[in-house]
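In what follows, every chain begins at residue 1, and chains take the letters A, B, ... in the order their sequences are listed. Below, each value reflects all heavy atoms present in this structure, side chains not excepted, and no hydrogens, waters or symmetry copies.
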Number of protein chains: 2
Amino acid sequence: MTSPGRVRATVHDVAAHAGVSRGTVSRALNGTGYVSAEARARIEAAIAEVGYVRNNAARNLVMRKTWAIGFVVHEPHQLFLEDPNIGGILLGTNAVVAEADHQLVVLVVDSDDDAARVSSYLRGGFVDGAVLVSARSHDQVADAVEEIRLPAAFVGHPEGRPAIPYVGIDNRAAARTLTTRLRDTGRRRIGMLASALDRDSGADRLAGFRDALGPRFDEHLVVADPLYSYHAGVSTMTELLRRAPDVDGVFAASDAVAAGAIEALRSAGRTVPDDVGVVGFDDSAWALRCNPPLSTVHQPAAEMGRAAARLVLEQLEGRTPESVTLPTDVVWRDSA
Amino acid sequence: MTSPGRVRATVHDVAAHAGVSRGTVSRALNGTGYVSAEARARIEAAIAEVGYVRNNAARNLVMRKTWAIGFVVHEPHQLFLEDPNIGGILLGTNAVVAEADHQLVVLVVDSDDDAARVSSYLRGGFVDGAVLVSARSHDQVADAVEEIRLPAAFVGHPEGRPAIPYVGIDNRAAARTLTTRLRDTGRRRIGMLASALDRDSGADRLAGFRDALGPRFDEHLVVADPLYSYHAGVSTMTELLRRAPDVDGVFAASDAVAAGAIEALRSAGRTVPDDVGVVGFDDSAWALRCNPPLSTVHQPAAEMGRAAARLVLEQLEGRTPESVTLPTDVVWRDSA
DNA sequence: TTGTACGCGTTATCAA
DNA sequence: TTGATAACGCGTACAA
């Protein structure tokens, strides 16, 4: 099990070449403590001469710090490949983490095996903190994080993890804006395709819908499904049409749901937006792929990533930051 | 700079609790060497009792191995966010690396600063090997890899790096297939929007185009641009129309170029595919976004990722693997 | 089958 | 301002 490359130079070698002690070299390297200009010059020459590069395993061992932060993406294949939000979050997190001289390490959870391996990676002390994207409540990775008290932050808001701060968006306010607009553009019978009412995001979107409609809210026009999926959109829209054939406005709880709804409407011979106005949520890849393109809520992905990174960094400094809720923008396209 | 958590248990603690020596615990942990069933049982109990978790910094230091492999993504924002190929490559690499009990660590290069930081990360011995996606020839990261002789593999084929094996596709054969089909479906005046002729991929695509046309090849109908970009597509298509107003088939060197070409054709009042058939290359996000959707060359992304991972793993075992060229599939959609 | 003792390459403490 | 020297936590010959 010999390593293939040549043996790397150590501080010891540098010290010998420079005619100083290891301690002096270390101080020069880290800019900490005193070191004379002359010694520094000799050390720098020696470093170049022997091709020294610091051994981080040794450094991490003694410093109990890795200068690395994990970015755990916990999505089914499809979403990871398609959802532009994930990429934006990643870039935002990376920017802040890099600025703080840490290294971002992206860990992909794509199977149960992956979850186990990533958990033990986090437990293994390879990173000083972690950003968790779209984790669920019962999540092996989150368990590990909580158990070892790894400084971490969620992007999104899984319930039942009060110990870990999160970066969320104001689902309720966004839903309110969307629904109000539907109403103000003349829609009289407005329904909602609600999803995941057992999660905060789902419940809050329904609450915002209700807020906007006030006394005109009609429980009969809310059709629920456990999932934020295309198929959920098809089936709930079909059911909504059955309950209220004269529906002319629909708030779908996500873009995928909206896409399914549009398909169901088309099958039923309705046109969008003429017969029925449809709005979605997330501004995911679905939004532009739909025909017509979806009016939807744009998530400030990069800013969410930046905020999550700051949450972790602050914990690294010993602080106990509060969770963050970010405002959203609604983008009006052609579907309503 | 005290760490926030409680002090973690060490092999020493486990040994004390189990009433054995540190050496025995270590052997039990790694399944190497002899250890009695009784001792093993006591050790396992002790591990659970004190909540031991191995310190990898120490382990890496002594073993000179990290069990981690880097995945360096070196793309401008846009591409990273949009190109589904990257995600596929990532998932493929992750699967193989995980199978080999290594951890994949994704490093995003999104700026010059990032390049410097990632380079020093690789130099720092945090990973045992690396997969480099779409690196360019003059690349700080590749320099680092070559210099420290880190076991690595490219996805794609940058020139001037003979020391590092790569996973590529047969650009020439794919271009030949595409062009032949254009010819066989009755196109008489077929042009090519060539890009990046200074790179192997660009040169090979042109060579395949020429192969397919044989004696009917007309240099006049090849318009070149340095970039694989949408704008390159617009300008080269415009120029091609100027040179040959009767052109009825176009091979664009990438999907982005094809998208630009379609736009230019539309501006010129030509319809696709009726007036002019257009084919692209890559099966990227552009392909489906185009109207009509593009006929193009599908890259076997996951398999490319798997192959690259294998290339690295083999080097870790001391072998010297050859570069790999993978076959591609052409997907026929509506643009030609 | 088990225990002892050394080495991995740094950083940090403290006396000089 | 510098140099010894002690950790850091683990794997592993080698001896028992």
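In this structure, the side chain to side chain contact (heavy atoms under 4.5 Å, CB included) partners of V50(A), at least two apart in sequence or on a different chain, are A9(A), V14(A), H17(A), Y52(A). The side chain to side chain contact (heavy atoms under 4.5 Å, CB included) test applied to T32(A) returns N30(A), not counting sequence neighbours. For the salt bridge (Lys or Arg N to Asp or Glu O under 4.0 Å) test, residues two or more places apart in sequence or in another chain that qualify with D143(A) are R161(A).
Taking all atoms of both residues into account, the shortest heavy-atom contact from V11(B) to R22(B) is CG1-O, 3.8 Å.
We find that CG of N60(A) is positioned 10 Å from P of dT11(C), with the value rounded to whole Å. Atom CG in D13(B) sits about 14 Å away from atom C1' in dC8(D), given to the nearest Å. Look at CG on N56(B): it is 20 Å from P on dC8(C), rounded to the nearest Å. Atom NZ in K65(B) sits roughly 13 Å away from atom P in dT12(D) (whole-Å rounding). Atoms CZ (R64(A)) and C1' (dA12(C)) sit 13 Å apart, rounded to a whole Å. Taking atom OH on Y52(A) and atom P on dG9(C), their separation rounds to 10 Å, with Å as the unit. For L61(B) and dG9(C), the CG to P distance is 7 Å, given to the nearest whole Å.
Rounded to 10°, the helix from dT1(C)-dA16(D) to dA16(C)-dT1(D) has 40° between the axis fitted to its first five pairs and the one fitted to its last five.
Contact annotation for V11(B): backbone-only contact, meaning every heavy-atom pair under 4.0 Å involves sugar-phosphate atoms and none involves a base. N30(B) comes within 4.0 angstrom of the backbone, heavy atoms only, and of no base. Residue T10(B) is in sugar-phosphate contact alone, with no base atom involved, counting any heavy-atom pair closer than 4.0 Å across all strands shown.
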Protein N or O to nucleotides 1-3 of chain C N or O, pairs below 3.5 Å:
residue	atom	partner	partner atom	Å
dT2(C)	OP1	S36(B)	OG	2.5
dT2(C)	OP2	S36(B)	N	2.6
dG3(C)	OP2	S21(B)	N	2.9
dG3(C)	OP2	S21(B)	OG	3.2
dG3(C)	OP2	T24(B)	OG1	2.7
dG3(C)	N7	R27(B)	NH2	2.8

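Evaluation of the side-chain hydrogen bond (donor to acceptor under 3.5 Å, both in side chains) test over residues 119-128 of chain A, restricted to residues two or more places apart or in two chains, returns K65(A)-D128(A), T66(A)-D128(A), R123(A)-E147(A). Under the salt bridge (Lys or Arg N to Asp or Glu O under 4.0 Å) criterion, the residue pairs touching residues 25-44 of chain B are E38(B)-R42(B), with sequence neighbours excluded. For residues 309-326 of chain B, every residue pair satisfying the salt bridge (Lys or Arg N to Asp or Glu O under 4.0 Å) rule, not counting sequence neighbours, is listed here: E303(B)-R310(B), E317(B)-R319(B).
Proximity note for M63(A) (side chain, C-beta onward) versus dC8(C), dT11(C), dG9(C): the nearest is dT11(C).
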Table please: side-chain donor-acceptor pairs of residues 90-101 of chain A below 3.5 Å, with sequence neighbours left out.
residue	atom	partner	partner atom	Å
T93(A)	OG1	I89(A)	O	3.0
T93(A)	OG1	G305(A)	O	3.1
N94(A)	ND2	D114(B)	OD2	3.1

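Dashed line: the shortest gap from a side-chain N or O of R59(B) to OP1 or OP2 of dG9(D) is not under 4.0 Å.
Here the side chain of N60(B) pairs no donor or acceptor atom with the backbone of A57(B) at under 3.5 angstrom.
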